[in-house]
Amino acid sequence: MNDNTHTRAEPSADFARLVRHLHQQSWELLGACGRLMDVNVQGDSAQLDSAFAQLREQAQTSFEQAQEQLRLLHIPHEAILAGLSQLNAMQGAAKPALDLAGSGWLSALLPYAPPQLGLFQQKPARLQALNLALTELHQAQADYLTLAREVVDDSIRRFRLALDARSAACDFNELYELWLTAGESAYEQTLASEAYSLALARLANASGALNAQIQEALDDTLKQLKLPTRRELTGTQQRLHELSRRQRASERAVPTELDALKREMAELRAQIEQLRQPLEVTSKSPTPRASARSKQRGRGNAH
Amino acid sequence: MPISVDGLDLGQELARLQEQWQRVLPRITERQPVPVGTSPRELVTRWDNARLYHYSGTAAEANKIPLLVVYSLVNRPYILDLKPQRSVLAALRDGGAQTYLLDWGYPESVDQFLTLDDYVAGYMDEAVRMLCRRHGVDRLHLLGICQGGTLSTCYAALHPERVQSLVTLVTPIDFHAGNSTLHHLAKHIDFDRLPEGNVCADLLNAVFVSLKPYRLLSQRYMDLLKVAEDDEALDDFLRMEQWMYDSPDQAGAAFRQFGKEFYQRNGLVRGEVELDGCRIDLARIDMPVYNVYAGADHLVPASSAAALNQHIRSTDQKTLEFPGGHLGVFISGRAHKSLFPSILEWLRERDMPA
């Protein structure tokens, strides 16, 4: 039975409901695939086109729902930003109202950095940096999701073309291979694009930047509570690492220096041995110097 | 033309698949854990998390000069000893090589500041010196695989006087060659903005899976259903499955350094990489080199690996383009039949202490 209506689960910022929603969307997508198979069995090309159109629409709906979920997760931070805006207004700053709609609001935020005065002067600036980082991450996620959506759309289109190109009936395994090939070719084309490289990098960079902001805020709070912070742990680890390197360098240098000292000792011993030998050999006959001294004494005595 | 599904509808096909999975899943639970890395070995020594293992053999005649095997940092080296019949380490040992493996271990939080200097000029150098003392030689054979080959190449350039010969398998050298997907994905990433600390293994696994998601997340498991009734084939699948996702975290500093200096700047072939205060000059490599790469490698394009031979000064060079993909070079049946005997013979011919 073909059903043109698509149930639409209410979006929610609750993670558990998000998972249930995604699960429901997956089954609805599978249902659209099933309807596609029904049409295949019936063999009506127009109905096949209609079924594919429904499948694509269902996929698009799933992505829109996912993007809506992401937007809702952003709501607490919009509230914080609105609060910051009111704070500035209370301080008498003559700034335009914070416009959260549209993409221009991000740059409009920049003048809202409050003047850094007083005991907690850095706190508002840090909070704002945190929120800007979060906003950037949400935008990066949305951009990435848009690309993913295009891949799915393109893979459905390629699957449709592959089905048309077949000259004989195929079984389930062959159908699966066609789907796999269509999906993979669509994905690899996007993967190789500059747009994907930029979107992935934006996502990675935004995640890293947000992580750094969160960590800094967390460390500040822990420090206030006199609890160990990540900064302290990292600092200790870094010193340990440097000590470890210095020790390795010393251990490597010691054998070399020891070897050099041993060689020097061996040379000195050899020289001493050499010096001793003439004294021992001529111990029965006076040495030239001893003879000279005794002659000198003899002369002196004579005087 | 309408496509028939042989009278079966999708619902029935899915029900059939479900039944198959219901039979296969308990079998998987029964077979796991499947033993890996079972070749006998002794722990020679350790430095922090890195361990040096000796695979002692009973070959009638062993090479005079020891062989040190160095694997990549991003995966566990027991891929080289997955099962007795397909063990690279056992094959080398049984072929007469006095085989040692430098196992990097699992980096911990305290290792986040380890750089490639520590890995190459630190742990690798310690291992090389120890083995030379242990065997009373001045040099040893070095066999590096994938990123382990890159590290081995750097070591050979730093200390050519300590390397008797260098064998590299599927080793990236020119990181911008051959439309490298990993270079493409890494080029716009700001590695300095990555979260502090080690790079989570799950993240790296996700990146590798994302290169072939349809094959690795769907087809692989559909193929599993075809082999699930065969104990040996199922065990092979489970061994590989374990290895694929048993990845260590990456020491943060080393990861950032590798990403920036190798993947982004392609510093190795440009002579811009510095380790331990010394510039890595590939032209200092003058010892015999055997360079093997895969013809259909989606991780290390053939041209990326083949670039090694254009930059070294060795007069005794051998290259081999091996058919198949990245892992095939060291785990395929063909590799065990032809490639490793070839490597062993090549090492034997160059096993002459100075």
Side-chain angles (χ1 to χ4, degrees), chain A residues 30 33-45 48 155 163-164 166-181 183-184 187-188 191-192 194 196-198 200-202 204-212 215 230 233-234 236-238 240-242 244-245 248 252, chain B residues 1-14 16-17 47-48 108-115 117-118 121-123 125-126 129 133 179 181 183-197 203 207 210-215 218-219 222 226 251-253 259 276 298:
Chain A
L30 207 57
C33 293
R35 287 189 286 277
L36 177 63
M37 290 300 109
D38 284 344
V39 172
N40 276 338
V41 169
Q42 292 165 18
D44 184 324
S45 183
L48 184 65
S155 63
L163 285 177
D164 278 347
R166 293 287 295 175
S167 56
C170 62
D171 63 15
F172 180 76
N173 286 328
E174 286 164 345
L175 206 64
Y176 170 76
E177 268 301 319
L178 283 179
W179 168 80
L180 196 78
T181 308
E184 201 169 57
Y187 178 78
E188 283 178 357
L191 186 74
E194 186 67 6
Y196 185 88
S197 177
L198 286 167
L200 182 68
R202 190 178 180 189
N205 296 342
S207 301
L210 178 63
N211 189 283
Q215 198 57 60
R230 188 183 174 86
L233 177 64
T234 306
T236 308
Q237 288 172 341
Q238 192 160 20
L240 192 60
H241 175 70
E242 284 162 12
S244 183
R245 268 193 178 175
R248 250 203 316 271
R252 206 169 290 171
Chain B
M1 183 175 175
I3 310 296
S4 82
V5 199
D6 291 344
L8 295 174
D9 66 22
L10 184 65
Q12 280 195 16
E13 288 297 326
L14 290 176
R16 184 179 63 81
L17 276 174
W47 304 276
D48 303 327
E108 295 166 356
S109 171
V110 71
D111 298 316
Q112 64 173 292
F113 295 105
L114 286 177
T115 61
D117 306 60
D118 296 299
Y123 299 136
D125 192 50
E126 295 278 357
R129 287 167 182 265
R133 278 196 305 270
N179 292 324
T181 308
H183 159 66
H184 172 70
L185 296 181
K187 63 185 178 183
H188 297 296
I189 290 178
D190 185 348
F191 282 90
D192 291 328
R193 287 169 75 185
L194 289 180
E196 208 176 50
L203 178 66
V207 168
S210 75
L211 301 180
K212 297 256 178 218
Y214 285 84
R215 299 289 168 188
S218 177
Q219 187 185 40
M222 291 291 277
K226 297 174 192 165
D276 205 28
H298 73 290

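Per chain, numbering begins at 1; letters A, B, ... match sequence-line order.
Contact annotation for A:E242: neither backbone nor side-chain heavy atoms come within less than 4.5 Å of a heavy atom of chain B. For A:A209, the parts sitting under 4.5 Å from any heavy atom of chain B are the backbone and the side chain alike. Proximity to chain B (any heavy atom under 4.5 Å) is shown, for A:L198, by both the backbone and the side chain.
The choice from B:D125, B:N179, B:L203 that makes the most heavy-atom pairs within less than 4.5 Å of chain A is B:D125. Most heavy-atom pairs under 4.5 Å with chain A, from the set B:Q219, B:Q112, B:K187: that is B:Q219. Looking only at heavy-atom pairs under 4.5 Å with chain B, the residue among A:A192, A:S244, A:A212, A:A204 that has the most is A:A192. Between chain B and the options A:L240, A:L200, A:T234, A:T181, heavy-atom pairs under 4.5 Å are most frequent for A:T234. For the set B:M222, B:E126, B:R215, the count of heavy-atom pairs under 4.5 angstrom toward chain A peaks at B:R215. Most heavy-atom pairs under 4.5 Å with chain A: of the set B:L194, B:T181, B:L114, this distinction falls to B:L114.
Distance check: A:S207 OG to B:R193 CZ gives 10.0 Å after rounding to the nearest 0.5 Å. The distance from the CD atom of A:E177 to the CZ atom of A:F172 is 11.5 Å, given to the nearest 0.5 Å.
A:N205 places a side-chain N or O within 3.5 Å of a backbone atom of B:D190 that can act as its donor or acceptor partner. Judged purely by atom type and a 3.5 angstrom limit, A:H241 uses its side chain to pair as donor or acceptor with the backbone of B:F113.
Closest approach of A:S197 to B:H184, counting heavy atoms only: OG-O, 2.7 Å.
Between A:R248 and B:D118 there is a side-chain heavy-atom pair separated by less than 4.5 Å.
Side-chain contact of A:R245 with B:T115: a donor-acceptor pair under 3.5 Å is present, judged by distance alone.
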